[in-house]
Amino acid sequence: MVVTGLTDQVSWGIYVANFIFLVGVAAGAVTIVFPAYVYNFAPLKKIAVLGEMLAISAVIVCLLFIVFHMGRPDRLWHMIPGVGIYNFPYSILAWDTLVLTGYFILNAVGACYFLYKRYRGEKINYSFYLPLIFVSIFWAVSIHTVTAFLLSTLPARPMWHHGIMPIRFIATAFAAGPAAIVVVFLVIRSNTKLWIEDKAIDLLSTILVFSLALAIFLAFSEVVTAFYHPTEHASGLRYLMFGAHGVNGLVLWFWTSAVVLTGSCIALMFPSVRKNYQLLPFICALVFVGVWIEKGLCLVIPGSVPTPIGEYLEYSPSYIEIMNSLGNWAIGLIIMTLLIKGAIGVLLGEISGREVKELSLSEEEVQ
C-alpha cells in the first residue's frame with residue numbers, strides 16, 4: 001500500500017472503484033437470464049449461458065481488485081468463514097465476500113452444467129438447473145445491494161449515507177451490464193457463426209436506456225436534495241461538481257460523465273438509434289465508460305473528500321495502481337474471451353462429445 005496514492009484521509013481509491021463498478025457489471029448479467037427463463041424469451045434463452053460467462057469473468061476480476069487493495073494477500077485467509085477472523089454477520093465486508101463467492105459458484109455450476117449437457121448431447125434436468133437460475137437471479141441483485149450497503153452504512157461519509165444508494169447501484173448495474181453485453185453480442189455475431197437475433201439485442205438496449213434514465217434521475221434527485229437547502233453534508237458533492245478550496249481534480253471527470261451519460265440516454269431513446277447496429281456499439285461503449293467514471297471516480301473518492309474533520313486532500317492513483325488495474329482488466333478480458341469461445345463452440349456443435357458416446361455404444365453392441 002506504500003506504493004499507492006492512498007493516504008490516511010483517502011483510503012479507498014482506484015482498486016475499490018473498479019471493484020464496485022465490476023460488481024455491477026457482474027450483476028448486470030441478470031438482464032439476460034431473467035427475461036430468458038422467467039419470461040421464456042427464446043432469442044435470449046438460446047444464448048443466456050454467454051451472460052453467465054461475463055458474470056464469472058467480472059467476479060474473478062472483482063476478487064483480484066480486492067486482493068490488490070488488501071496490500072497483504074497472505075492475510076486473505078481471514079476472509080474464509082470458520083478459518084480466519086471473518087466477523088460474520090456484523091461486518092458488511094463479510095457479507096459482501098459471501099454473496100460474491102456464492103454468485104460465482106452459482107454461475108460457474110449453472111454454466112458448466114448447461115454446457116456439459118449440450119456437449120454430451122443430453123437433455124438438461126430442469127428440476128436441477130432452474131433452481132440454480134432462479135437463485136442466481138435473486139443473488140445478482142443481492143451482490144450489488146450488499147456492495148451499496150458497504151458505502152451507505154458509513155454515517156461519517158454524508159455523500160454515501162442515504163437509503164437511495166442501493167437503488168442507484170442497481171440502476172447503474174442494469175445500464176453498464178447490458179452495455180457491455182450488447183457490444184460483446186455484436187462482436188460475436190460479426191465474427192463467428194453464432195447468430196444472435198436482433199430481438200435479443202433490442203431488448204437489452206431497451207433495458208439499458210430505461211435503467212440509465214432511472215440512474216440519471218436518481219443522481220439529479222441527490223443534487224437537488226443537497227443544494228436546495230445546502231448544509232455541510234453537501235461538501236463532498238460540491239467538491240465533486242465545482243471544486244472547493246482550490247481542490248478540483250474530479251470536476252472534469254464528473255461533467256464528462258454527466259454529458260456522456262445524458263447524451264447517450266437521449267440518443268438511445270430513439271428506436272432508430274437503438275436499432276442501428278453500426279452505431280449502437282459505440283454508444284454502448286460510451287455508456288460503459290460513463291458509468292465507470294460516475295460509479296468509480298465520482299462516487300468512491302469524493303466520499304472521502306472532505307474528511308469527517310473537514311480536510312481537503314486529493315487522491316491521484318500512482319503508476320503502479322494504474323498498471324495493476326490495467327493488468328486486472330486484461331486478465332478479465334482474457335478469461336471472458338476463453339470462456340465465450342468455448343461456449344460458442346459447444347452451442348454451435350463444433351465441440352461435442354456425441355461422437356465419443358456413439359463409438360462407445362457401438363463397441364458395446366459388438367461385444
Side-chain angles (χ1 to χ4, degrees), residues 25-60 99-143 177-178 180-182 184-189 191-197 199-201 203-204 332-367:
V25 174
V30 77
T31 56
I32 296 180
V33 177
F34 186 86
Y37 288 98
V38 175
Y39 290 101
N40 202 27
F41 188 66
L44 281 177
K45 195 171 185 178
K46 299 174 184 176
I47 53 172
V49 68
L50 300 180
E52 294 177 300
M53 297 305 179
L54 176 66
I56 292 170
S57 306
V59 172
I60 291 174
V99 294
L100 271 175
T101 305
Y103 188 63
F104 173 79
I105 294 171
L106 285 168
N107 280 279
V109 172
C112 290
Y113 174 78
F114 178 86
L115 291 175
Y116 177 75
K117 287 295 185 180
R118 289 293 297 266
Y119 171 78
R120 298 290 295 176
E122 299 172 354
K123 291 184 178 180
I124 295 174
N125 181 5
Y126 282 101
S127 61
F128 168 77
Y129 182 63
L130 284 181
L132 283 176
I133 294 298
F134 291 136
V135 172
S136 71
I137 291 172
F138 164 78
W139 216 279
V141 177
S142 74
I143 63 171
I181 294 167
V182 167
V184 171
F185 279 3
L186 290 173
V187 170
I188 287 173
R189 81 174 194 173
N191 296 277
T192 71
K193 296 177 182 178
L194 182 65
W195 180 252
I196 297 173
E197 296 182 30
K199 290 182 179 179
I201 296 173
L203 178 60
L204 288 172
L333 290 172
I334 291 171
I335 293 172
M336 185 182 69
T337 302
L338 294 174
L339 291 176
I340 288 179
K341 282 177 71 71
I344 290 172
V346 173
L347 292 175
L348 292 174
E350 296 174 351
I351 303 173
S352 176
R354 297 177 189 178
E355 294 83 5
V356 177
K357 184 179 178 182
E358 291 173 0
L359 178 61
S360 63
L361 289 173
S362 61
E363 288 176 351
E364 291 174 2
E365 290 173 357
V366 170
Q367 291 175 358

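These numbers come from the heavy atoms of this one structure, side chains and all, not from hydrogens, waters or symmetry mates.
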Considering all heavy atoms, the nearest [X]-[Y] contact:
| X | Y | result |
| --- | --- | --- |
| Ala29 | Gly51 | CB-O, 3.3 Å |
| Tyr103 | Ser136 | CE1-O, 3.6 Å |
| Ile143 | Val99 | CG2-O, 3.4 Å |
| Tyr119 | Ile351 | CD1-O, 3.7 Å |
| Gly28 | Pro178 | O-CD, 4.4 Å |
| Ile181 | Leu204 | CG2-CD1, 3.7 Å |

Quick check for you: to the nearest 0.5 Å, what is the distance between [X] atom [atom1] and [Y] atom [atom2]?
| X | Y | atom1 | atom2 | answer |
| --- | --- | --- | --- | --- |
| Phe104 | Glu52 | CZ | CD | 12.0 Å |
| Leu54 | Met336 | CG | CE | 6.0 Å |
| Ile335 | Ile60 | CD1 | CD1 | 4.0 Å |
| Leu333 | Ser57 | CG | OG | 8.5 Å |
| Ile105 | Trp139 | CD1 | CH2 | 9.0 Å |
| Tyr126 | Leu132 | OH | CG | 13.0 Å |

Practice problem: Under the side chain to side chain contact (heavy atoms under 4.5 Å, CB included) rule, what do Val346 and Arg120 come out as? Steps first, then yes or no, please. | Solution: CA-CA 10 Å; Val346 173; Arg120 298 290 295 176; over 6 Å; no

Requested in this report: Say whether, by atom type as modelled, one donor and one acceptor occur between the side chain of Arg189 and the main chain of Ile196 under 3.5 angstrom.
Outcome: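 Side chain of Arg189 to backbone of Ile196: a pair is present.
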
Self-check item: Exam field: side chain Tyr113 to backbone Asn125, donor-acceptor pair closer than 3.5 Å
Solution: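 Pair found, side chain donor or acceptor close to backbone of Asn125.
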
Requested in this report: Mind checking side chain to side chain contact (heavy atoms under 4.5 Å, CB included) for Ala108 and listing every partner two or more places apart, or none if nothing turns up?
Outcome: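 In terms of side chain to side chain contact (heavy atoms under 4.5 Å, CB included), with neighbours along the sequence ignored, Ala108 is linked to Ile56.
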
task = Tell me, yes or no, whether the heavy-atom count around Phe134 atom CZ, taken from other residues, nucleotides or ligands under 6.0 Å, exceeds 12.
result =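 Counting neighbours around CZ of Phe134, more than 12 heavy atoms of other residues, nucleotides or ligands fall under 6.0 Å, so yes.
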
- Report the C-alpha distance between Leu347 and Phe114 in whole Å, list the side-chain angles of each, state the deciding distance to 0.1 Å, and finish with yes or no for side chain to side chain contact (heavy atoms under 4.5 Å, CB included). CA-CA 10 Å; Leu347 292 175; Phe114 178 86; 3.9 Å; yes

Problem set entry | 4.5 Å side-chain heavy-atom contact, Val182 and Phe185 |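 Not touching, per the 4.5 Å side-chain cut-off.
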
Answer yes or no: is there a side-chain heavy-atom contact under 4.5 Å between Leu50 and Leu194?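 Heavy-atom side-chain distance check passes, below 4.5 Å.
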
Using the side chain to side chain contact (heavy atoms under 4.5 Å, CB included) rule, take Leu338 and Met53 through it: C-alpha gap first, then chi angles, then the decisive distance, then the call. CA-CA 9 Å; Leu338 294 174; Met53 297 305 179; over 6 Å; no

Residues two or more places apart in sequence or in another chain: which of them pass side chain to side chain donor-acceptor pair (under 3.5 Å) with Lys46?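 Result, side chain to side chain donor-acceptor pair (under 3.5 Å) vs Lys46: Glu197.
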
Pairing donors with acceptors under 3.5 angstrom, does anything connect the side chains of Tyr37 and Tyr129?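 Checked: Tyr37/Tyr129 side chains pair up, N/O donor to acceptor below 3.5 Å.
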
